[in-house]
Number of protein chains: 2
Amino acid sequence: MTNLKLNKPTDSEMEILQILWEEGPSTVREVHQILSAIKESGYTTTLKLMQIMHDKGMLSRNDEAKTHIYSALIKKESVQKQAVGNMIKGLFKGSSAKLVMHALGNHRASREEIDEIKKYLDEIEFSGMNEKKKNQKK
Amino acid sequence: MTNLKLNKPTDSEMEILQILWEEGPSTVREVHQILSAIKESGYTTTLKLMQIMHDKGMLSRNDEAKTHIYSALIKKESVQKQAVGNMIKGLFKGSSAKLVMHALGNHRASREEIDEIKKYLDEIEFSGMNEKKKNQKK
DNA sequence: TTGCATCTACGAAACTCTTCGTACATTCGA
DNA sequence: TCGAATGTACGAAGAGTTTCGTAGATGCAA
């Protein structure tokens, strides 16, 4: 239960986290390069943001060499969990099913994905049952 | 396609919107009462927030009487859509299926809800097909 | 070795959001 | 009618975020 990120990342911090999750440990220059493709900003702006994130404990940093290398300290999964949880609680009256149907309704999934979800639903629907009951249901 | 809320609501604004969505048109006093159950804050703080939201075009206001009555101008559905869309894009690599399975995995749904989702999946899986194909698949 | 390119550190400005105090208007009961 | 209760308007402080310029350190190529 480490990974304490008490305050949720800002939008700018999220952009940087996403790059680090995707690319792994990176220099400020590398992050800034990728960021530049999306939005214009000065190099020292990215630097400052990453320094602050380091101060906040969101990023770790290897500063043996002149050029420091940063890594994400907070896990993508924990941010996902937090974000999805807040959304369900705040916007979908605590019902994950409401969120699920809203998501599927507005963002089409492929046939393969839909079948995968169905399989997953079977798993969780019958989890906790013994084998006999599972077969009965089938 | 009105309902232009270019900048997404802040957390404080979301709290007020949720109350107005739930309660319908309300006075500042009413909103503040409900808000007080969740967090402590001064009456004029709530007033100011709602005035600013009105300036931003998020709320409409009837000021015929001394005590004004505010209503949400932006639709819950549009905020949901925006929020879910951003989350899928930013945290789930654009895959609604990933979000769905994450949500179901971390926030248990009831048997009834799961069945409802399955039915919904059938609908969208076969939408776009003609009746003949649907029956073949069955 | 020297000088240029690159990097970090840091301060400060510009913004936004949140909070609340104060001033003034309106309503209503005694 | 008068005063208390209740309402709105508004200014400004304080906190957090984002932006960038500048100074100084470091590495590398000529």
Side-chain angles (χ1 to χ4, degrees), chain A residues 4-20 23 25-71 74 79 83 86 90, chain B residues 4-20 23 25-71 74 79 83 86 90:
Chain A
L4 58 158
K5 50 139 191 19
L6 304 167
N7 328 4
K8 72 164 185 279
T10 66
D11 288 347
S12 295
E13 288 168 349
M14 277 299 304
E15 290 174 346
I16 290 171
L17 282 174
Q18 278 164 26
I19 291 172
L20 290 175
E23 306 289 328
S26 308
T27 65
V28 173
R29 179 66 59 189
E30 288 162 347
V31 170
H32 183 249
Q33 292 284 335
I34 297 176
L35 222 44
S36 297
I38 304 179
K39 67 173 195 182
E40 191 174 358
S41 80
Y43 171 81
T44 55
T45 300
T46 305
L47 170 67
K48 181 78 166 187
L49 279 174
M50 292 176 73
Q51 285 173 338
I52 291 174
M53 292 171 76
H54 177 245
D55 291 343
K56 287 184 182 175
M58 290 177 177
L59 306 184
S60 68
R61 159 170 100 173
N62 179 330
D63 53 5
E64 287 170 17
K66 174 193 171 192
T67 303
H68 302 175
I69 297 176
Y70 290 82
S71 312
I74 62 182
V79 174
N86 283 344
Chain B
L4 57 156
K5 50 141 195 17
L6 306 167
N7 329 4
K8 73 162 182 282
T10 66
D11 289 346
S12 296
E13 288 167 348
M14 277 300 302
E15 290 173 346
I16 290 171
L17 282 174
Q18 278 164 26
I19 291 172
L20 290 174
E23 306 289 328
S26 308
T27 64
V28 173
R29 179 67 57 190
E30 290 163 346
V31 170
H32 183 247
Q33 292 285 336
I34 297 176
L35 221 44
S36 297
I38 304 180
K39 66 172 195 184
E40 190 175 0
S41 80
Y43 171 82
T44 55
T45 301
T46 304
L47 170 66
K48 181 77 164 189
L49 279 173
M50 291 176 73
Q51 285 172 338
I52 290 175
M53 290 170 78
H54 177 245
D55 291 344
K56 286 183 180 176
M58 291 176 177
L59 306 184
S60 68
R61 160 170 98 173
N62 179 330
D63 54 4
E64 286 170 16
K66 173 195 173 193
T67 303
H68 302 174
I69 297 175
Y70 291 80
S71 313
I74 61 182
V79 174
N86 284 344

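Hydrogens, waters and symmetry mates are skipped; everything else that's a heavy atom, side chains included, is used. Every chain is numbered from 1 and lettered A, B, ... according to where its sequence line falls, protein lines coming before strand lines.
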Exercise for the section: Establish, with yes or no, whether the OP1 or OP2 oxygen of D:dT18 is under 4.0 angstrom from a side-chain nitrogen or oxygen of A:S12. Expected result: yes
Problem - B:Y43 side chain near D:dT6 phosphate (N/O to OP1/OP2, under 4.0 Å) - result: no
Handout entry: Length of the CD1-P vector between A:I52 and C:dT8, whole Å
Key = 15 Å
Between N or O atoms, less than 3.5 Å apart, protein on one side and nucleotides 26-30 of chain D on the other: list the pairs.
residue: D:dT26; atom: O2; partner: A:K66; partner atom: NZ; Å: 3.0

Problem - Under 3.5 Å donor-acceptor, B:E13 side chain and B:M53 backbone - result: no
Exercise for the section: Could you tell me whether a side-chain N or O of B:H32 sits under 3.5 Å from a main-chain N or O of B:S41, the two making a donor and an acceptor? Expected result: yes
Practice task
Examine C:dT18: is either OP1 or OP2 under 4.0 Å from a nitrogen or oxygen in the side chain of B:T10? Give yes or no.
Solution key: yes
Problem - Interatomic distance where CG belongs to A:D11 and P belongs to D:dT17 [whole Å] - result: 11 Å
Practice task
Would you mind classifying the nucleic acid contact of A:T67 as base, sugar-phosphate or nothing, using non-hydrogen atoms under 4.0 angstrom?
Solution key: sugar-phosphate
Handout entry: Non-hydrogen atoms of A:L20 and A:Y70 that approach each other most closely
Key = CD2-O, 3.7 Å
Practice task
Using a heavy-atom cut-off of under 4.0 Å over every strand shown, decide if A:T45 touches base, sugar-phosphate, or nothing.
Solution key: base
Fill in the blank from the handout: In terms of heavy-atom contacts, A:T46 and A:V31 come closest through CG2-CG1, 4.1 Å
Could you pull out the protein-nucleic contacts involving nucleotides 9-11 of chain D (nitrogen or oxygen on both sides, under 3.5 Å)?
residue: D:dA9; atom: OP2; partner: B:Q51; partner atom: NE2; Å: 2.8
residue: D:dA9; atom: OP2; partner: B:R61; partner atom: NH1; Å: 3.1
residue: D:dG11; atom: N7; partner: B:K48; partner atom: NZ; Å: 3.3
residue: D:dG11; atom: O6; partner: B:K48; partner atom: NZ; Å: 3.2

Problem - Rounded distance in Å - NZ (A:K39) to P (D:dT18) - result: 7 Å
Practice task
Round to the nearest Å and state the distance from B:E64 atom CD to D:dT8 atom P.
Solution key: 15 Å
Practice task
Could you pull out the closest heavy-atom pair between A:M50 and A:L59, with the gap in Å?
Solution key: O-CD1, 3.9 Å
Problem - Nearest-angstrom distance from the residue atom CE of A:M50 to P of D:dC20 - result: 17 Å
Handout entry: Nearest-nucleotide pick for B:R29, side chain only, options being D:dG7, C:dT18, D:dT19
Key = D:dG7
Handout entry: Minimum-distance pair of heavy atoms, taken over all atoms of B:K39 and B:S12
Key = NZ-OG, 4.0 Å
Exercise for the section: Mind checking the NZ-OG1 spacing from B:K66 to B:T27? Nearest 0.5 Å is all I need. Expected result: 12.0 Å
Handout entry: Whole-Å gap separating C1' (D:dT18) and CE (A:M53)
Key = 13 Å
Practice task
Working to the nearest 0.5 Å, report the span between OG1 of A:T10 and CD1 of A:I52.
Solution key: 9.0 Å
Handout entry: Short side-chain N/O contact to C:dT16 OP1/OP2 from B:K8, under 4.0 Å
Key = no
Problem - Atom-pair distance (CD1 on B:I16; C1' on C:dT19), nearest Å - result: 13 Å
Exercise for the section: Take the protein atom NZ of A:K56 and the nucleotide atom P of D:dG16, then report the distance between them rounded to whole Å. Expected result: 9 Å
Handout entry: Atom pair CD1 (B:I16) and CG (B:D11), whose distance is rounded to the nearest 0.5 Å
Key = 11.5 Å
Handout entry: Side-chain (B:E15) to main-chain (B:L35) donor-acceptor, under 3.5 angstrom
Key = no
